[in-house]
Amino acid sequence: MKHPAAPVDVPACSCCGEPAVIYQPVSRRHLCGIHLVRDVEKRVASTINEAGQIHAGDRIAVALSGGKDSTALLVILSRLLPAWPGADLVAITVDEGIAGYRTDTIRAAEALTGRLGVDHRIVSFRDLVGADLDTLLAGRETEACTICGILRKKALTDAARTAGATAIATGHNLDDEAQSMLMNAFRGDLPRLVRNTGTGRSALFLPRIKPLAAVTEKEIAAYLFVQGLFSVLPECPYTRYALRAEVRSLLAGLEDRHPGTMQHLADSKKSIERYCAGTPVMESLHHCRECGDPCSGEICQVCRLRHSLGK
C-alpha cells in the first residue's frame, strides 16, 4: 500500500511571509506574487531613471510582438508612465508574415492594447518589400534571423517615426542582453559590443531603449503569470536556425550552476562601453544613396537586402 505523498513545503516570501512564487538566486530572496510585481516594476523604473530613457512629453513606441517580454513591457510602462508628465505610448506590431505563428501573437497584442487603451498600429513586411517572410526565405531559411532582423528594424523605425515617437522601447531582458554580449564576443564584433542605442537624442536615429534589461526572462514570465496575463503562444519556427538558440542554452546551464553569470556579462558590456568611450570604434555615418537612411556605407542594409532578394 502506497502512502500519500507528503505535503511540499512552500518557502515563505522574504518580505511578508506569504507563500513565495519565485526564488531570486542572486539576491537569495523568495518573493510572493505581490512583492514580485513590486520588485520588477521598481527595477524597471530604476533602469529607466538611471539611464534617462524617458522624459516628460515623450511618445514611446513600444515594439509589441504579443509575446511575454513585450507584453510585460507594455503593461509596466502603462503603469509607470504617469511619472513623466505628458508622456504617452503607441504600440507597434510588425507582421513578418510567418504562417502558423504571427496570427496568434497579433491577436494577443490587439487584446492587450484594447484592454490598456493604448494606440496600436500594425505594419507588415509585405507593405515594406512586397512579400512576407516565408516567401522571402524560400531556399534561404538559414538566413532567417538576419533577414528578419534587418526588415523588422526598418519597419519598426518607419512606423515609429510616422506615429510621432521620440523613442522606441523593446522588450529585451537580462537573458537577451547577456546572450547578445556573448554572441558579439564570439563574432569579434567590437562595434556592436560597445554600441548603446539608448543614449542621446539624434535627428538621424530614434533612441532604442530597453527598460527590462535588468529583469530575467524567468521573472518576466512569473510577473505575468501571477497577474493572469501569461499566455502560451507558439514560438517562431525559424529560431532553430539561430546562433542565439545555442547561446541561450549554453547560458541557461551556466546561470543554473553559477547564479549571476548573466548579470556579470551585462555588467561587462557596460565596463567595455566606459573603457571605449571616446575611442572611434564605430564607422562614420553616411546617407544611403538609394533611400537616404543613415548607414555606415554607401548603401544601407535594407537596400542591399532588397537587391539580393530581387526586390
Side-chain angles (χ1 to χ4, degrees), residues 3-54 60 62 64 66-85 87 89 108 111-113 115-118 169-179 209-233 248 251-267 270:
H3 295 286
V8 177
D9 290 331
V10 177
C13 175
S14 302
C15 299
C16 68
E18 290 295 313
V21 298
I22 194 170
Y23 175 64
Q24 297 173 322
V26 175
S27 67
R28 298 182 179 178
R29 294 194 307 169
H30 291 92
L31 295 179
C32 67
I34 291 175
H35 284 100
L36 169 65
V37 170
R38 291 178 183 173
D39 178 68
V40 167
E41 294 180 356
K42 180 180 179 180
R43 284 156 58 202
V44 172
S46 178
T47 296
I48 293 171
N49 290 326
E50 286 177 6
Q53 294 181 347
I54 299 178
I60 305 299
V62 179
L64 181 65
K68 66 181 185 308
D69 297 322
S70 62
T71 293
L73 176 63
L74 188 63
V75 169
I76 294 170
L77 289 184
S78 69
R79 294 174 181 174
L80 297 179
L81 211 63
W84 300 280
L89 302 173
L112 179 65
T113 52
R115 186 161 60 248
L116 296 177
V118 173
T170 63
H172 292 87
N173 57 47
L174 179 58
D175 299 54
D176 297 322
E177 291 298 280
Q179 291 160 18
I209 62 175
K210 302 173 183 178
L212 304 184
V215 185
T216 67
E217 184 176 15
K218 180 180 179 181
E219 289 171 323
I220 290 170
Y223 172 88
L224 294 175
F225 186 80
V226 299
Q227 298 180 86
L229 297 172
F230 185 86
S231 299
V232 178
L233 294 169
R248 178 181 182 179
L251 268 181
L254 289 171
E255 182 68 27
D256 183 58
R257 295 189 296 275
H258 309 284
T261 295
M262 293 190 298
Q263 186 61 60
H264 295 327
L265 280 169
D267 290 342
K270 294 177 183 178

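Atoms considered below: every heavy atom in the structure, side chains included; atoms not considered: hydrogens, waters and symmetry mates.
The heavy-atom pair separating P211 from L77 by the smallest distance is CG-CD2, 4.4 Å. Heavy atoms only, all atoms of each residue included: G67 and S70 are closest at O-OG, 3.4 Å. Of all the heavy atoms in N173 and V215, the pair that sits closest is CB-O, 3.2 Å. Summarising the geometry of L89 relative to V118, their closest heavy-atom pair is O-CG1, 3.9 Å, with the distance given to 0.1 Å.
Distance CG/L229 to NZ/K68: 14.0 Å, rounded to 0.5 Å.
Pairs engaging residues 27-37 under the salt bridge (charged side-chain N to carboxylate O under 4.0 Å, His left out) rule: R29-D39 [sequence neighbours left out].
Two residues are said to be in side-chain contact when any heavy atoms from C-beta on lie closer than 4.5 Å; I220 and V40 fail this criterion. Two residues are said to be in side-chain contact when any heavy atoms from C-beta on lie closer than 4.5 Å; T216 and D175 meet this criterion. Taking 4.5 Å as the limit, every side-chain heavy atom of V21 sits out of range of all side-chain heavy atoms of L31. D176 is listed as a side-chain neighbour of D69, based on a closest heavy-atom distance under 4.5 Å.
Looking at residues two or more places apart in sequence or on another chain, you find no ring-ring contact (aromatic ring centres under 6.0 Å, His included) involving H35. Applying the side chain to side chain contact (heavy atoms under 4.5 Å, CB included) criterion to A266, with sequence neighbours excluded, gives L174, Q263. P19 pairs by the side chain to side chain contact (heavy atoms under 4.5 Å, CB included) definition with V10, not counting sequence neighbours. Under the side chain to side chain contact (heavy atoms under 4.5 Å, CB included) criterion, E41 pairs with V37, I76, R79, Y223, sequence neighbours left out. In terms of the side chain to side chain contact (heavy atoms under 4.5 Å, CB included) criterion, residue partners of F225 (sequence neighbours excluded) are, by chain and number, F230.
Under a 4.0 Å N-O distance rule, the pair K218/E255 does not qualify as a salt bridge.
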